[in-house]
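What follows is a short report on a single structure.
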Amino acid sequence: MHTFTGEVVEIFQEEGERKARVRVGGALVKVSVELLPEVKVGDKIILCAGVALGKLSAEEEDVPGSAG
């Protein structure tokens, strides 16, 4: 499986689950953020198969190709 990085642009509830709309490249994708209760709009995250797996630190955000 491939991982991608993206920026959270919206957080919302859907069917009792916390989800986010995330900008990945030029596209917006919907992902589950249940594993990341601290995530907020503007955060950079790592995602795979529609699930947010982790939040990038400020240092990681500056590293080209840090995920994906």
Side-chain angles (χ1 to χ4, degrees):
M1 290 191 167
H2 297 281
T3 58
F4 300 91
T5 59
E7 180 178 355
V8 176
V9 297
E10 178 187 10
I11 296 175
F12 57 96
Q13 289 286 121
E14 182 178 83
E15 297 179 7
E17 185 177 359
R18 191 164 179 252
K19 302 236 176 162
R21 207 164 312 283
V22 178
R23 180 171 289 118
V24 178
L28 289 175
V29 296
K30 184 170 53 173
V31 301
S32 171
V33 290
E34 288 289 310
L35 297 176
L36 303 176
E38 75 285 356
V39 78
K40 60 188 182 307
V41 171
D43 286 346
K44 303 288 192 310
I45 61 171
I46 300 169
L47 54 125
C48 181
V51 177
L53 301 175
K55 184 175 150 183
L56 294 176
S57 67
E59 296 83 28
E60 291 171 317
E61 290 180 26
D62 294 333
V63 177
S66 60

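For this chain, numbers begin at 1 and follow the sequence in order. Predicted model, so just to flag it, every value in this text is computed and none were measured. All heavy atoms count here, side chains included; hydrogens, waters and symmetry mates do not.
Shown here are the side chain to side chain contact (heavy atoms under 4.5 Å, CB included) partners of V29, two or more places apart in sequence or in another chain: V22, V24, V31, L47. Residues passing the side chain to side chain contact (heavy atoms under 4.5 Å, CB included) test with R18, sequence neighbours excluded: I11, Q13, V33, E34, V39. Scanning for side-chain hydrogen bond (donor to acceptor under 3.5 Å, both in side chains) contacts around E15 gives an empty result, with sequence neighbours left out. Residues satisfying the side-chain hydrogen bond (donor to acceptor under 3.5 Å, both in side chains) test with R21, not counting sequence neighbours, are E10. Applying the salt bridge (charged side-chain N to carboxylate O under 4.0 Å, His left out) rule to E14 yields the partners K19, K30; only residues at least two apart in sequence or on another chain are considered.
Under the 4.5 Å side-chain contact rule for hydrophobic residues, L28 and V41 do not share a cluster.
L53 belongs to a hydrophobic cluster whose other members, connected by ILVMFWY side-chain contacts under 4.5 Å either directly or through intermediates, are L35, V51.
Distance check, rounded to the nearest 0.5 Å: NZ of K55 to CG of D43 gives 4.0 Å.
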